[in-house]
Amino acid sequence: MHRVRRLGQQVAGWLTWTTVAASVAACTAERPSTVEPVAQATVASNGVALPGTIASAVGSVNAIRIEAIGDTVIAGSLGGQAAIKVVVSDTTGRLIHNAVVNFLPATGHGAMTRATVNSTVKGEAANTWRFGPSVGEQTLRVWVSGAPDTLTFTAVLPSPHDVSAVSATSFVGAYAGNAVVTVLVTDSAGNPFQSASVAFRPDSDAGAVNYTTVRTNNRGEAKATWTYSTATVGNQRLRVTVDGLTDTLVFTANVDAAPVAVELHTVTDSSLTGITGTTRSLSVLVRDQRGQPMPRASVSFRALENSGTVLPSTAISGKTGVANATWTYGKQPGTQTVIVTAQGINDTLRFVSTVKAPPTATELVAVSDTVLQGRSGETAVLQVRVLDADSNPFPNAAVKFKVLTGRGGMQVSIVKAGRDGIAKGSWIYGGQLGEQEATAELVGVTGSTLGFVSTVTVGAPKVVVAATSTAGRAGVGDTLSTQPGVKVTDNYGNPVEGVTVLFRISTGGGTIETASAVTDEDGIASGGAWVMGPNAGVNRVTATVQSPIPRGNPVVFSATAMP
């Protein structure tokens, strides 16, 4: 059965309704099974249809009634919603189109998708009711604009049944620490209860929480972070209650007192060595009364007389309890000391360093051989190592390489030693055969000169020239008085022995006695007798050195054959 509302009343300023009955209270008539077509809506003088009214098929107007489609009592849940549908008709059963239906949550702080909905041609109006955050009963009022009656829907939202701790209920708390507190809310069947309102309330001397009120999630859980009070040592309490339940959960924490610096330890080695003017990093560790690293502790560093400087003079320990400073050694060699103290600690730490003057380059030692062999024009690499007074390699020292004899040279005269103390010089041998000499000297250090000697032989063949005249004349078929000959030398003019030279007739058709000859100790090779060809004119012989010689190769000899 659907509840039938009271008769409609007059719509002020628009239209007076025809009163069909003085009262229709307690009417239990069912909706008609046959719905008559909706007639033309009554209009005002401006042509706008009047809300909530409609003309009957015979021209009369009847009172409005509104009925629920479905139950008016709904089983809901926190955070849930329900579909609401009503039908609007007059007392004769005719369905009313375009009636303005109002939806207003009355209790429970719920909300509607729309505040008003116009009825369809079937007289229906549908809306969605989103329940509020309160457990128990929530109500919704629905009525038609211009009609006095109200339809009431009631949603019953169950209450939570139980709350229990998910996290531990007892904590051992560090000073200024925190703990995450988690609870579980369930219904009477033991299922997770969603959207329950959970209050987290620390005692007045027990710190604070990040959220005082939290809604349970879809797992029925609510959590908050409890930050302990720094003013209370020992037990602190946090109380958790759930809206709708009388039970209270109590969480406790036994909180430590504020940390106090009681121990000071060295992190870096306390016995050091170094060079005047250089720096070292110093690190110390501060521990509290529980033996834990203590952050934010004040640590003082003080260099004694002639022991350089330390910055900062006061350092604050970090999260790991470590405080750092940088010690710059003083300029005076010997023992230098830094004293370290911490606020509240009677113990004193000492960093002691044996400091030496900066090393200097004092000597050269040969890395490569000092007695060498080579050919003129070749390059020999001379390697020396620079050492300090402790015989350690000394980098960046300047080494001067110099050629004394042999007419050779160095590619670079002054070379700096590398990180391994080694300096390399490139010695280009000169043209003087026999012994050539060079030296390496540590710049600015007297008596640091090293000598190098190399036995230099003739270089590779580089030049070929004519050893005899390249022009002449003789009769046809006669032998030229001068034999074609060439000389092969290195870059410095030293004769090269044992080089093969090819002689061939290139013009005139004559003959040459020796087609292939080898240079002698003077670097000379001869083609022998050259016989002119049978015809008058120019005769030519070409002398070609088989070795790759960049200059003068080949040499051409010309002679004129006379008739």
Engineer: Quick one: are Val555 and Val464 in side-chain contact, heavy atoms under 4.5 Å?
Structural biologist: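 With C-beta onward as the side chain, the pair touches.
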Engineer: Can you check whether Thr439 reaches Leu404 side chain to side chain, under 4.5 Å on heavy atoms?
Structural biologist: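 Contact flag for Thr439/Leu404 side chains = yes.
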Engineer: Please check if atom CD in Gln289 has more than 12 non-hydrogen atoms from other residues, nucleotides or ligands closer than 6.0 Å.
Structural biologist: yes
Engineer: Does any N or O in the side chain of Arg375 come within less than 3.5 Å of the main-chain N or O of Val458, such that one atom is a donor and the other an acceptor?
Structural biologist: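 It does hold such a pair.
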Engineer: Using every non-hydrogen atom in the two residues, find where Thr230 and Tyr175 come nearest and quote the distance to one decimal.
Structural biologist: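 Heavy atoms of Thr230 and Tyr175 come nearest at O-CE1, 3.3 Å.
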Engineer: Please check: side-chain N/O of Thr216 versus main-chain N/O of Ala196, any donor-acceptor pairing under 3.5 Å?
Structural biologist: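 Answer holds: yes.
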Engineer: Can you establish whether the number of heavy atoms outside Gln383 located under 6.0 Å from its atom CD is more than 12?
Structural biologist: yes
Engineer: If you count the non-hydrogen atoms of other residues, nucleotides and ligands that lie under 6.0 Å from CG in Asn346, is the total more than 12?
Structural biologist: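 Not buried by this count: 12 neighbours or fewer within 6.0 Å.
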Engineer: Quick one: closest heavy-atom pair of Tyr228 and Ala174, and the distance?
Structural biologist: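 For Tyr228 and Ala174, the tightest heavy-atom pair comes out as CD1-O, 3.7 Å.
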Engineer: Are Asp256 and Arg290 close enough for a salt bridge, meaning some N to O gap below 4.0 Å?
Structural biologist: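 Answer for the salt bridge query: yes.
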Engineer: Please tell me whether Ser283 and Asn324 have a donor and an acceptor in their side chains that are separated by less than 3.5 angstrom.
Structural biologist: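 Their side chains do contain a donor-acceptor pair, which is all the 3.5 Å distance test asks for.
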Engineer: Identify the heavy atoms of Thr468 and Phe557 that sit nearest to each other, and give their distance.
Structural biologist: OG1-CE2, 3.7 Å
Engineer: Which atom pair, heavy atoms only, marks the closest approach of Phe503 to Ala543?
Structural biologist: CE2-CB, 3.6 Å
Engineer: Is a donor on one side and an acceptor on the other found under 3.5 Å between the side chain of Thr213 and the backbone of Val198?
Structural biologist: no
Engineer: To the nearest 0.5 angstrom, please state how far the CG atom of Asp269 sits from the CZ atom of Phe351.
Structural biologist: 8.5 Å
Engineer: Asp205 and Thr232: which non-hydrogen atoms are nearest, and at how many Å?
Structural biologist: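 Nearest heavy atoms, Asp205 then Thr232: O-OG1, 2.9 Å.
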Engineer: Side-chain contact, heavy-atom cut-off 4.5 Å: Thr379 with Ile428?
Structural biologist: yes
Engineer: Counting only N and O atoms by type, is there a donor-acceptor contact under 3.5 Å from the side chain of Asp388 to the main-chain atoms of Asp390?
Structural biologist: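 Such a contact is found between Asp388 side chain and Asp390 backbone.
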Engineer: On a heavy-atom basis, which atom in His161 and which in Asp187 lie closest, and how many Å separate them?
Structural biologist: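 It is CB-C, 3.3 Å.
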Engineer: Take the angle between the ring planes of Trp226 and Phe171 and call it parallel below 30°, perpendicular above 60°, tilted in between.
Structural biologist: perpendicular
Engineer: Given the rule in the side chain to side chain contact (heavy atoms under 4.5 Å, CB included) test, do Asn392 and Leu387 qualify, once you have shown the distances and angles that lead to the verdict?
Structural biologist: CA-CA 5 Å; Asn392 296 315; Leu387 301 179; over 6 Å; no
Engineer: Does some side-chain heavy atom of Ile339 sit less than 4.5 Å from a side-chain heavy atom of Thr348?
Structural biologist: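 The answer is yes; the side chains approach within 4.5 Å.
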Engineer: Is there a donor-acceptor contact under 3.5 Å from the side chain of Glu435 to the main chain of Val456?
Structural biologist: no
Engineer: Between the main-chain N or O of Leu442 and the side-chain N or O of Ser448, is there a donor-acceptor pair closer than 3.5 Å?
Structural biologist: yes
Engineer: Can you confirm whether Thr113 sits close enough to Arg130 that some side-chain heavy atom of one is under 4.5 Å from a side-chain heavy atom of the other?
Structural biologist: yes
Engineer: Does any part of the side chain of Phe200, heavy atoms only, come nearer than 4.5 Å to the side chain of Thr212, both counted from C-beta?
Structural biologist: no
Engineer: For the residue pair Val209 and Thr227, establish whether any side-chain heavy-atom pair is separated by less than 4.5 Å.
Structural biologist: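 The answer is no; the side chains never approach within 4.5 Å.
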Engineer: Taking the side chain as every heavy atom from C-beta outward, state whether Thr266 and Thr268 have any atom pair closer than 4.5 Å.
Structural biologist: no
Engineer: Report yes or no: do Arg551 and Asn491 form a side-chain donor-acceptor pair below 3.5 Å?
Structural biologist: yes
Engineer: Would Lys462 and Asp490 pass as an ion pair if we require N to O under 4.0 Å?
Structural biologist: no
Engineer: Is the CZ atom of Arg302 crowded by more than 12 outside heavy atoms at less than 6.0 Å?
Structural biologist: no
Engineer: Testing the 3.5 Å rule here: is there a donor-acceptor pair between the side chains of Thr279 and Tyr329?
Structural biologist: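 Thr279 vs Tyr329: no donor-acceptor pair found between side chains.
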Engineer: I need the Thr225 OG1 to Asn210 CG distance, nearest 0.5 Å.
Structural biologist: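 Answer for the OG1-CG pair, Thr225 versus Asn210, is 4.0 Å.
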